[in-house]
Amino acid sequence: MRKLIAIVASVLLLTGCTSTDVQKRLVVTAIGIGEDSISFQTFSPENEIEIYTFERHNLREATEDLSLRTGKEVFLGDAELIIFSGNENIEPYLVTLWHSPDIFMGTPVAFAEAPPEEILKIPSEDITAILTVSGKEVGLIDLYNEIYSVEKSAKLPLLSETGEISGEILLKSSLECGIIVLYNE
C-alpha cells in the first residue's frame, strides 16, 4: 500500500499541472498586428471572445501589457491565427514570432483590410476554416521560406472585414533595406 501511495504521489508531482495553474494562464487564440497596435483574441471562462488591444510596436511589450492587465501568464502556444493589417514593415514582427518558443510555425498568417481588432471579433477557428477550405492557408513557416527564398516574395490571403477572402497581398523582401514591402494583387 505504501508503494502505491508513493507511486501516485510521484506521478502527481511529476505532472506539475494543477487546476490553479490553468486558472493563472491566459490562452491567446489569435494575434493581430496593426499599424499602431497589437491585439490579442482570447476566450473568457464563459467561452466568449475577449479582445485586448495595446498601442505598441513591439510584440513582447504588448504581451507584457496583456499579462499586467489580466494578472495572468500569457500563453501564445495555442494561437490559431496571426493577422497583419496596415503595416509596411512586418519584418520585426516576423523575427519576434520566429524566435518565440511558444508560437507554432504552422500557424496560419493572413493580411486584413480592416484593423486587426475588428477581424478578431470573428472566432479564429472560423477564419482558419475559411483559409483551409479555400486552399489559401499560409503557415508562418511557409511565409518565412517564401519571403527569404531566392525570389524574396510571398503571397498572403487578404481578408475582408467579414473574415472572407477578398484577394491576396504580395510581400517583397529587400535585404538592403531590411524591410518587407506590401503590394496589393
Side-chain angles (χ1 to χ4, degrees), residues 12 15-87 90 92-144 156-166 169:
L12 290 174
T15 61
C17 246
T18 65
S19 61
T20 55
D21 291 335
V22 173
Q23 292 173 354
K24 292 179 183 178
R25 187 176 272 191
L26 182 68
V27 177
V28 172
T29 54
I31 302 167
I33 301 170
E35 188 68 40
D36 297 315
S37 65
I38 297 175
S39 300
F40 300 95
Q41 180 189 86
T42 66
F43 281 97
S44 70
E46 297 80 33
N47 211 19
E48 293 178 12
I49 293 176
E50 292 183 348
I51 301 166
Y52 298 91
T53 301
F54 302 94
E55 292 182 17
R56 291 288 191 184
H57 296 282
N58 181 303
L59 188 57
R60 285 189 186 110
E61 289 176 4
T63 304
E64 289 172 8
D65 288 348
L66 178 59
S67 180
L68 289 172
R69 183 182 291 176
T70 61
K72 295 183 177 187
E73 177 187 352
V74 176
F75 181 65
L76 302 175
D78 283 339
E80 299 172 326
L81 182 65
I82 300 168
I83 296 178
F84 289 100
S85 172
N87 284 313
I90 65 171
Y93 300 107
L94 290 177
V95 170
T96 301
L97 292 166
W98 181 258
H99 292 292
S100 174
D102 293 338
I103 300 290
F104 172 58
M105 289 296 114
T107 302
V109 183
F111 208 85
E113 296 172 348
E117 57 270 15
E118 292 301 315
I119 299 292
L120 293 182
K121 291 178 181 176
I122 303 165
S124 57
E125 61 204 25
D126 292 354
I127 295 173
T128 55
I130 291 168
L131 294 171
T132 302
V133 168
S134 69
K136 302 281 185 184
E137 185 175 326
V138 177
L140 190 57
I141 189 74
D142 302 322
L143 175 58
Y144 271 93
L156 284 181
L158 179 64
L159 301 175
S160 69
E161 290 184 23
T162 60
E164 298 294 322
I165 297 173
S166 62
I169 289 285

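For reference, positions follow the sequence shown, starting with 1.
Nearest heavy-atom pair across Val109 and Gly139 is CG2-C, 4.3 Å. Nearest approach of Val138 to Pro157, heavy atoms of both residues: CG2-CD, 4.0 Å. Shown here for His57 and Tyr93, the closest heavy-atom pair between the two residues is O-OH, 3.1 Å. For Arg60 against Asn58, the heavy-atom pair with the smallest separation is N-OD1, 2.8 Å. Taking all atoms of both residues into account, the shortest heavy-atom contact from Ser166 to Leu159 is OG-C, 4.0 Å. Nearest heavy atoms, Gly32 versus Pro116: CA-CB, 3.5 Å.
Taken from CG in Leu131 to CG in Asp126, the straight-line distance is 11.0 Å, to the nearest 0.5 Å. With values rounded to the nearest 0.5 angstrom, Glu125 atom CD is found 11.0 Å from Leu81 atom CG. The CG atom of Leu97 sits 11.0 Å away from atom CG of Asp102, with the distance rounded to the nearest 0.5 Å. Once rounded to the nearest 0.5 Å, the distance linking CD of Glu113 with OG of Ser85 reads 9.0 Å. The CD1 atom of Ile51 sits 8.5 Å away from the OG1 atom of Thr42 when rounded to the nearest 0.5 Å. Rounded to the nearest 0.5 Å, atoms CD (Glu137) and CD1 (Ile130) are 12.0 Å apart.
The backbone N or O of Gln41 sits less than 3.5 Å from a side-chain atom of Thr29, completing a donor-acceptor pair. Distance alone, capped at 3.5 Å, places no donor-acceptor pair between the Tyr52 side chain and the Thr63 backbone. Here the side chain of Thr107 pairs no donor or acceptor atom with the backbone of Leu140 at under 3.5 angstrom. Remark: the backbone N or O of Leu120 is not paired with any side-chain donor or acceptor of Ser124 at under 3.5 angstrom.
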**OP:** Could you walk me through whether Phe40 and Leu26 pass the side chain to side chain contact (heavy atoms under 4.5 Å, CB included) test, one step at a time?
**Re:** CA-CA 11 Å; Phe40 300 95; Leu26 182 68; over 6 Å; no

Original post:
Stepwise, does the side chain to side chain contact (heavy atoms under 4.5 Å, CB included) test hold for Ile49 with Lys121?
Top reply: CA-CA 7 Å; Ile49 293 176; Lys121 291 178 181 176; 5.9 Å; no

Subject >> Check against side chain to side chain contact (heavy atoms under 4.5 Å, CB included), Phe84 and Ile31 >> reply: CA-CA 9 Å; Phe84 289 100; Ile31 302 167; over 6 Å; no

Subject >> Derivation and outcome, side chain to side chain contact (heavy atoms under 4.5 Å, CB included), residues Asp65 and Ile38 >> reply: CA-CA 10 Å; Asp65 288 348; Ile38 297 175; over 6 Å; no

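In the model, Glu80 has no side-chain atom that pairs as donor or acceptor with a side-chain atom of Thr128 under 3.5 Å.
For CD of Glu161, the number of neighbouring non-hydrogen atoms (other residues, nucleotides, ligands) closer than 6.0 Å is 12 at most.
A heavy-atom distance below 4.5 Å is found between the side chains of Trp98 and Ile141.
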